[in-house]
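Okay, so here's the structure we're looking at.
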Amino acid sequence: MIQKILIANRAEIAVRVIRTCRAMGIASVAVYSDADRASLHVRLADECVWIGPAAAAESYLNIERILEAAGAVGADAIHPGYGFLSENAAFAEACEKAGVKFIGPSAAAMRLMGSKTRARRAMREAGVPVVPGTTEPLANAAEAAATAAKIGYPVMLKAAGGGGGKGMRLVASADALGSAFEQARGEARQAFGNPDIYIEKAIRNPRHIEVQVMADEHGNVIHLGERECSLQRRHQKVLEEAPAPLVAEHPRLRAEITRAAVDAAKAAGYTNAGTVEFLADAKGHFYFLEMNTRLQVEHPVTEMITGLDLVREQIRVASGERLSVAQEDVRMRGHAIECRVYAEDPENEFLPSPGRITSLAEPSGPGVRVDSGAYEGWAVPIEYDPLIAKLIVWDETRAGAIGRLRSALREYTVGGIHTTLGFFREVVEDEDFCAGRIDTGFIGRWRQRRAKPDRSREQRIAVLAAGFHYLTSGREEGPAPRRDKSEWGISGRDALLR
Amino acid sequence: MIQKILIANRAEIAVRVIRTCRAMGIASVAVYSDADRASLHVRLADECVWIGPAAAAESYLNIERILEAAGAVGADAIHPGYGFLSENAAFAEACEKAGVKFIGPSAAAMRLMGSKTRARRAMREAGVPVVPGTTEPLANAAEAAATAAKIGYPVMLKAAGGGGGKGMRLVASADALGSAFEQARGEARQAFGNPDIYIEKAIRNPRHIEVQVMADEHGNVIHLGERECSLQRRHQKVLEEAPAPLVAEHPRLRAEITRAAVDAAKAAGYTNAGTVEFLADAKGHFYFLEMNTRLQVEHPVTEMITGLDLVREQIRVASGERLSVAQEDVRMRGHAIECRVYAEDPENEFLPSPGRITSLAEPSGPGVRVDSGAYEGWAVPIEYDPLIAKLIVWDETRAGAIGRLRSALREYTVGGIHTTLGFFREVVEDEDFCAGRIDTGFIGRWRQRRAKPDRSREQRIAVLAAGFHYLTSGREEGPAPRRDKSEWGISGRDALLR
Amino acid sequence: MKLTTTVDGVEQTLELSGARAASSIVSFTLDSQAGQADIIPTGAAAYSIMHDGLSYQVTVHDGADGSFQVEVNGFAHQVEVRDARRWIRGGGAAAAAGARKIKAPMPGRVVKLLVQTGDDVEAGQGVIIVEAMKMQNEMKAAKAGKVGRLEVAAGDSVAAGQTLLSIE
Amino acid sequence: MKLTTTVDGVEQTLELSGARAASSIVSFTLDSQAGQADIIPTGAAAYSIMHDGLSYQVTVHDGADGSFQVEVNGFAHQVEVRDARRWIRGGGAAAAAGARKIKAPMPGRVVKLLVQTGDDVEAGQGVIIVEAMKMQNEMKAAKAGKVGRLEVAAGDSVAAGQTLLSIE
């Protein structure tokens, strides 16, 4: 059994992995860049190793430094989290070479599925329906233009090297293609170290359905049901749930889509946790999109309805053990919804809003879980993904879960930065959302029809609070006096030197 | 259906009820005394009403003021929480008279069960085994002494008017009886407005097993399994779990004890949520102790294993609806443990430790729930019960739940006051606890054999931290400079006056 | 103390006075309507406010230029606060006119300038790309005009609210 | 800065020096062993400390009389810190002798005095009942002796650490 795990990641997902390590009695090792000395995963881990400057390429993406760290602390396994090196087959191979177990699938399976273009070819051969488009990377903008002209606009440009919305652009017409292609390449290069872009016919306003699979090294492959992740902005998920509301409309869909996912995992010789993503239309037809060869951001919704700890299953599998459950023993119960709390301003096109968190209250209570990397006084660094926490709720029914979500969102306050919480507070009151009428075009349409309820009472309170704050916080003489925790540390150290 | 609920309570249980109200779309009304303006339940409620000075007798126990408040805001129901007026039949009757639904059993059932002495008589008549002792209140210390001499020491003095460890004293010999009797009377008078004390033969180191029952107004009575609450200090529970470890040793116990509990509830004509408490010995024999005619502090462990929201069921029942589940539909899963986070110093005989919470980090993550009334900057008032929060964990197995508890306790930090968290951190490492070898004498024995692991590494860090804090926080010139939030408010107001 | 405020675009006059220094009760007059509220701080720039029997949780985000984003029970309102002295010192309404500045919406790094000083731009045209949190954001001209001074160059780190360039 | 410390009853000498003002690295010598630690504050009297590759979460409770309760990864240690100047000013070791005071362990209200000035008491005998948080607590004499001055009367409110009476 694994004794010590180095977590090659940061923030909320590193905290998430530390929690399961500690519950299992496994030592956890955090790594951190210059930007993350004060981050929660560093505070909570048993051990920690500095791995480089703030830039991810020199720290969290630096394979050599991470393996050096694993060697130095004697870790016998590495959990990659999501993002960063989690889908990097070369990293998995380097781990194997260094004698450290990579907690994830084999490099071969990652290569096959990690290349979105190769995966599309493989799925097409295996008889799984795929979205029309290229199965090779595009050489340049000209080839992109030619291909787009052939399959017809709108098209989707996508990074061959990774998912998560990075390096992805929806292009409506030919004149926007050139700059979109260059931006997508730039993002893809930076996010995945691979600038390759391919093209797909854009399916207008599809539903995004995905299936969690889990496979051990003894040939057992199971699925843990589907998730629906149709609420997206910038092609990135913001809210996920399980079961999929679409399945309520098309009951046959669950059996079909989970079977396709298990087939896909088997065809790839897959082990450990993975997610097979599909686009589906309103009629319940579905198309293979890609497979994410790692733990997903949204894995908690599956944990909430199955009662399983997916990180624990990952560690068991990596230790050579069998999955703790067979397919027929997986018991699903109730409904779970996750909201991604991004440091972004939903009133300003979801632009990033890094900075210091001056006040923080996270909700809890029945059916409420928060997977967070944040704490009061912490400054969200500008260098990394703006996801600071995830709010997950569970109840017996979808309506019940939405009720609990409303209650939890009311309690959740983050001061000092903007977050997506305000957006979710409106979404949970939205009639279409509550009825499960969601697809990837939801947010765009919602913006248009967005209800403006009468909040004159709250407006009066807002004026009163702003005036009170203005007068009592000394703002007249400049910014509110506030003992900055890091400056405080410095002045404290000055005292030591005296 | 109920539209607006006034919560005649405070702190964590008021917050707990507000959460379910909000999830159900029901307006919540907090009441507060002078000591609770800044308390979390007041901040989170939709509406709030001041009901009097800090002393409970003039506020949270003041029936007239609470009914006035309910009338003023137009509440159609009152949730009493636990403690305070929750087991006060006169209050339930006053609510009925005022046309406000009391969320709890009928006054008749409360009277029967609320009087511990009458309840003992009723149960004896119904054939449920009870602990030997008196079934009438004791007139004075002399009668107590005479009775004790008859049934033999050790004896337990108990309040006839309420539970929760208040007004309870274990007396080992005759010379300690007099002062114990007076102290118990004093506590009982203050806690329940009723100084009556009765006497029971003390069963040495029993297990404390209780059964959650739930009954609607249509004659349906179900149980939601048992809880074990054997870890106690000062006859008050500190850690509860479900299922009971004792049941693992005596599988027949569950069927027998839950049947007895349902019989007891039916005999009392009981409605709404209630708990039938038993003492059990190591062989699995059990004796009726008392029935608590209200929601219990430890109800979350039952919620975690059944998936039900007990407050929601209470509100449904009070609205005249049927229970949402039949007995055969209650599905239990996994194991849950609750730790009561008291503002007490476990290193100093669990004496109260009120004061300002200067830093607070509550855990979360898979299987972790915190029901809390605390927040950073809040001063725990000296006037009320020192319970500030409850940490509840769940996992498929007891061992898994203990693992998660270890992880959650490691993350949970409360600065500025002492809490029972440090005690729990040691308990979860204890061999007897982990093996389920617990009874009400556990804490006393644990003190004796308490392991002192080598913490020399942590000692070095403690010295370093204290020295660093001493030098950098300006302590040399007096107490650490700290911007007190309430003083800050005052100086702010001074600015308004200029 | 009399203040001029704008909430969600509507101007209102607010007058505040503390009843007693040690009390949490504040008297106020808002657009000629007098009232009282019970205000206590619950954290840095966070308040619990009671008014008319209702309980509000409020956080105040201090923005630039005397503007605040105030969240009341989780919903955001834009409030600007000015008192007479400050308003006059700042140049009054006259200061609000002039060139339209394009400011960095968040701390980040300038990836590319898409225009030069003197270029004519149309409303909505992309003028500069700023990267933060692994995302490249194209900032657009809010109005048609001529590009004025470029305040930054490619590769520069910029703070939130820093002026990048102006459109005249 | 050289400090004399006592941790869980054991005396140790601690010397601290900051390496650079802007760095979080602190050099220290503890009982002649030199080392370095990375210390950052994470809240009021809360720190993240790294030492020898291990990560510690630390909170410091400021007690009376220069004593601290320090929680390291959740486990409490009693630490006393003195520097030379303070120690001498305070009267040094001599101040530690003398009468044994009985102090209120928490804020509360005196319910009853069980003894009078001049009474002989035995170790463990109850001397005063203090109530807080709905609980009556009987304070006991830590040693045998004669009751000295009573500093409080029944009904008084007392603060944590306040002297109630002394046993001579």
Side-chain angles (χ1 to χ4, degrees), chain A residues 15-16 18-25 44 300 303-304 307-312 324 331 333-334 359-372 375-376 393-396 400 402-408 410-411 468-469 471-474 476 481 483 488-489 491-493 495-496, chain B residues 15-16 18-25 44 300 303-304 307-312 324 331 333-334 359-372 375-376 393-396 400 402-408 410-411 468-469 471-474 481 483 488-489 491-496:
Chain A
V15 171
R16 167 69 190 85
I18 289 168
R19 285 176 169 152
T20 289
C21 287
R22 190 158 280 136
M24 294 178 77
L44 289 183
E303 293 184 325
M304 299 291 265
L308 295 172
D309 180 330
L310 293 191
V311 175
R312 181 162 62 194
S324 72
R331 286 183 292 163
R333 179 166 186 177
S359 65
L360 178 66
E362 291 173 347
S364 188
V368 175
R369 163 177 168 187
V370 179
D371 279 18
S372 171
Y375 63 92
E376 193 170 298
V393 296
W394 178 92
D395 201 355
E396 286 281 359
I402 291 173
R404 285 184 167 170
L405 187 51
R406 281 192 189 120
S407 172
R410 170 70 153 71
E411 291 177 31
F468 184 82
H469 181 77
L471 292 175
T472 61
S473 66
E476 282 181 285
R483 182 175 242 185
W488 179 86
S491 70
R493 284 185 183 81
L496 290 182
Chain B
V15 171
R16 166 70 191 86
I18 289 168
R19 284 176 171 153
T20 289
C21 287
R22 190 158 281 137
M24 294 177 78
L44 289 182
E303 293 184 326
M304 298 292 265
L308 295 172
D309 181 329
L310 293 192
V311 175
R312 182 163 60 196
S324 73
R331 288 182 290 162
R333 180 167 185 176
S359 66
L360 178 67
E362 291 173 346
S364 187
V368 176
R369 163 178 167 185
V370 179
D371 278 18
S372 172
Y375 63 92
E376 193 170 299
V393 296
W394 177 93
D395 201 355
E396 287 281 359
I402 292 173
R404 284 184 168 170
L405 187 51
R406 282 192 189 120
S407 172
R410 170 71 153 70
E411 291 177 32
F468 184 83
H469 181 76
L471 291 175
T472 61
S473 66
R483 181 176 242 187
W488 179 87
S491 71
R493 284 185 182 80
D494 287 343
L496 289 183

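No experiment lies behind these values; they were computed from the predicted model shown. Chain A is the first sequence line, chain B the second, and so forth, proteins listed ahead of strands; every chain is numbered from 1.
A:Arg19 contributes a side-chain N or O that, together with a main-chain N or O of B:Ser364, makes up a donor-acceptor pair within less than 3.5 Å.
Contact check on B:Arg22 versus A:Glu411 returns no salt bridge, with no Lys/Arg side-chain nitrogen under 4.0 Å from an Asp/Glu carboxylate oxygen.
Per-residue counts of heavy-atom pairs under 4.5 Å with chain B were compared for A:Ile402, A:Val15, A:Leu44; the largest is that of A:Leu44. Of the listed residues (B:Ser407, B:Ala23, B:Pro366), the greatest number of heavy-atom pairs within a distance under 4.5 Å of chain A belongs to B:Pro366. Ranked by non-hydrogen atom pairs under 4.5 Å with chain B, the options A:Pro300, A:Ser372, A:Gly403, A:Ala408 are led by A:Gly403. In terms of non-hydrogen atom pairs under 4.5 Å with chain A, the most contact-rich of B:Val393, B:Ile18, B:Asp395, B:Val311 is B:Asp395. Ranked by non-hydrogen atom pairs under 4.5 Å with chain B, the options A:Arg312, A:Glu303, A:Met304 are led by A:Arg312.
For B:Arg331, the parts sitting under 4.5 Å from any heavy atom of chain A are the backbone and the side chain alike. In this structure, the portions of B:Val370 lying under 4.5 Å from any heavy atom of chain A include both its backbone and its side chain. Heavy atoms closer than 4.5 Å to chain A are found in the side chain of B:Arg16, but not in its backbone.
The CZ atom of B:Arg404 lies 5.0 Å from the CG atom of A:Asp309; values are rounded to the nearest 0.5 Å.
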